[in-house]
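Chain A is the first sequence line, chain B the second, and so forth, proteins listed ahead of strands; every chain is numbered from 1. What you are looking at is a predicted structure, and each value in this text was computed from that prediction instead of being measured.
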Amino acid sequence: MPSDFIRDIVAADLAAGKYKQIHTRFPPEPNGYLHIGHAKSICLNFGIAREFAGICNLRMDDTNPTKEDVEYVDSITEDVNWLIRGWADDRLGMKLKGKTPESRQVNGKQDSYLPPVLDPSANAGQASSLPPSPNANAAGGRQDACSTLEPFYASDYFGPVYEYALQLVKKGLAYVCDLSPEDTDKYRGAPDRPGQDSPWRNRPIDENLDLFVRMKNGEFPDGARTLRAKIDMASPNIWMRDPVLYRIRHAEHHHTGGAWCIYPMYDFAHCLSDYIEGITHSICTLEFEVHRPLYDWILQNLDLPRPRPHQYEFARLNLSFTVMSKRKLLQLVNEKRVSGWDDPRLPTISGLRRRGVTASALRAFAYNIGITKYNGLTDVAVLEHAIREDLNQSALRRLAVLRPIKVVLTNYPEGKTEELDATNNPEDPNAGTRKIPLSRTLYIEQDDFMENPPPKYFRLRPGGEVRLKYAYIIKCEEVVRDASGKIIELRCVADLDSKSGGPTANRKVKGTVHWVSAAHAIDAEVRLYDRLFTVAEPDATGDFKLHLNPHSLEVVTAKCEPSLKDANPDLRYQFERLAYFALDKDSRTLTGHPRPIFNRIITLKDTWAKEAAKR
RNA sequence: UGUCCGGUGGUGUAACGGUAGCACAAGGCCCUUUGGAGGCUUUUGUCAUGGUUCGAAUCCAUGCCGGACAGCCA
């Protein structure tokens, strides 16, 4: 079980009896696709819900209609579900489709509350030791729940949030300001210089009320007025200098349509959304640290009958050799530097998924990097290690040759084929074995033969011996070239007694090489992905696109063992001695595509490459 | 020259006043029908200076360094 300062706080709060149940939330804005930095946050928020028998709501933080889109809502929902499936999906708080907060009276105070609904079909088959949520059955039957559940939307709270704004106005804690955006800027001052009061700051309450209602009714154009909190223009904290609470935007909203023309700002909507959903621990990234006093101010100054949520901040993920900002990712997508948001080279969750990275690998990565308040740079090698570790356990081993060179076994009978046993996964005895065909003509990897090898090279060379994995030891006797001098064929003699179980099976040969029978091989398109950038910090200086890796994608036609024609899109494969692969979605969607398409997820560790690089 | 938050090997993290540990990376060795996996092993660290204490990475002070904040974005 992970441990970090936030979980310490949660545990202490629980021990002190501060809350009956922990309630977190994951609140992305639907203005882009989720990336691995979000995965860290998802694992934190859902991990806490899971470990402390709580709930984590999925919420669209959609208060800015001009930047958001349902495409993003859908991708976010899919990515979150994929990442937590079978792990914390039974802790996922959703709501009934179309449901908005209920208004009620609590201790004589007006309250708005929208409790979560858990999907009763989640984590099916796994006996859960967690206590059932009080709301677990609110949706009724299992089928019902699945079809009628949806994420929370901050925009579903526009009604109550507007009411809360009215409450502040009536208390003299908010006012309508007529300053232009430029003047608002000027009046704000600077970090080391106090701001000035707006000339509209002391507008009478009745006038504020009247104006705010008319703002809502659409009487004023965009930017004409704002609703501002009345706090302190001289505060050393910029966010306390009468922050804007509402702005006018005559824009269609992806979720509320044309219902509103004023929209609450993040700071006003977020704390209230947390409150309305009954969130106990509102976890966000470090840049919101300076907003916390405002978060607390708003909640404190409203008459709220239920316990208030509290905000805690942790350091966002920075990963070497990639970019993480939505703006930059969007730029790569829009400028077609990559094929789309789910390009396998991108650090987006959908990209990683398409590449073949598993959800469990991502979770392991999130666990390994921990949670702190220190803003560092995580080496992408840590991610790569988590992926390899996960795949080593589960991937099916197969033989495939990416860059073939022909080998003829001169002493092997023409037309003969034999079936050899090959291990499906040495890490998992239950994975069993399969048959692979061997015949006189084979392919091996070009890299596995060198005419004049350097020291410590122990693959095939003229006159040298090498083991064909699962098969015979062969000796290279002749190198055949075409007219241009290019090597086109290796003629080898096989030790026909050296097969597993044979008399000379235990002869020590330094190298073992993968191969595929030429007559039986199937072709596959193989997409070899590499890091998208050539430098550790592409956005450190200047234009990050200058550091794009021109070799981040190479496509080859590989020769594969025949069993791979039935490759399963849900499984991962290790092409032995090379890398891990997964079937690309194009294999299914490109109708009539003549052959499977494999994405390289991650190479195997290559000690020889490292050795060779030293020269 | 403002406020807030940080600073532990190359990187990321743990140690909650009591032996500075783990992972990744790097190097070496063993093993190997994957130069994979696995096993063993080495190098490298508490920002600085004072103070409190029997004892400080931890508490206090000062300094130094780094990050965040001046959208009607989130």
| P atom, B:A68 versus B:U62: distance in rounded Å? | 25 Å

| said: Quick check: any donor-acceptor pair below 3.5 Å linking the side-chain of A:R577 to the base of B:U34? | reply: no

| request: Report the distance from atom CG of A:L299 to atom OH of A:Y295, rounding to the nearest 0.5 Å. | output: 6.0 Å

| Is the shortest side-chain N/O distance from A:R249 to OP1 or OP2 of B:C73 below 4.0 Å? | yes

| field | Main-chain N/O of A:K328 paired to A:S325 side chain as donor or acceptor, under 3.5 Å | value | yes

| At under 4.0 Å, does any side-chain N or O of A:T63 touch on OP1 or OP2 of B:A74? | yes

| OP1 or OP2 of B:U34 less than 4.0 angstrom from a side-chain nitrogen or oxygen of A:R398, does that happen here? | no

| Inter-residue atom distance A:K559.NZ - A:I444.CD1, 0.5 Å rounding | 15.0 Å

| task | For B:A15 versus B:G6, give the span between their P atoms, rounded off to a whole number of Å. | result | 15 Å

| Euclidean distance for C1', B:U58 against B:A14 (whole angstrom) | 13 Å

| Is any side-chain nitrogen or oxygen of A:T372 closer than 4.0 Å to OP1 or OP2 of B:U13? | yes

| said: Just N and O in the side chain of A:T607: are any of them under 4.0 Å from OP1 or OP2 of B:G36? | reply: yes

| message | Regarding A:S394 and A:R572, do their side chains bring together a donor and an acceptor under 3.5 Å, going by distance alone? | response | no

| note | The answer to which of A:N368 and A:E576 contacts RNA chain B further toward the 5' end, by nearest nucleotide, is A:N368

| query | Does A:R467 put a side-chain nitrogen or oxygen below 4.0 Å from OP1 or OP2 of B:U32? | reply | no

| request: Using the P atom as the reference point in each nucleotide, state the distance between B:U42 and B:A23 in Å, no decimals. | output: 13 Å

| Hey, which of these two, A:T226 or A:K373, hits RNA chain B nearer its 5' end, going by closest nucleotide? | A:K373

| field | Note: A:K435-A:E419 ion pair, threshold 4.0 Å (strictly below) | value | no

| Whole-angstrom distance between B:C5 and B:G39, as gauged at atom C1' | 43 Å

| task | Kindly say whether, by distance alone, the side chain of A:E427 makes a donor-acceptor pair under 3.5 Å with the base of B:G36? | result | yes

| request: Would you please confirm or rule out a distance under 4.0 Å between OP1 or OP2 of B:C24 and any side-chain N or O of A:H385? | output: yes

| task | Any strand is fair game: report the nucleotide pairing with B:C4 by Watson-Crick or G-U wobble, both distances under 3.5 Å, or none. | result | B:G67

| task | Indicate syn or anti for B:G71, taking the glycosidic torsion and treating anything within 90° of 0 as syn. | result | syn

| Looking only at atom C1', what distance separates B:G66 and B:A48, rounded to whole Å? | 15 Å

| query | Under 4.0 angstrom, heavy atoms only, what part of the nucleic acid is A:R459 near: base, sugar-phosphate, or nothing? | reply | base

| Hey, does the side chain of A:K605 come within less than 4.0 Å of B:A37's phosphate (OP1/OP2), counting only N and O? | yes

| said: Would you say the ring centers of A:F268 and A:Y164 fall short of 6.0 Å from each other? | reply: no

| query | OP1 or OP2 of B:U32 less than 4.0 angstrom from a side-chain nitrogen or oxygen of A:K510, does that happen here? | reply | no

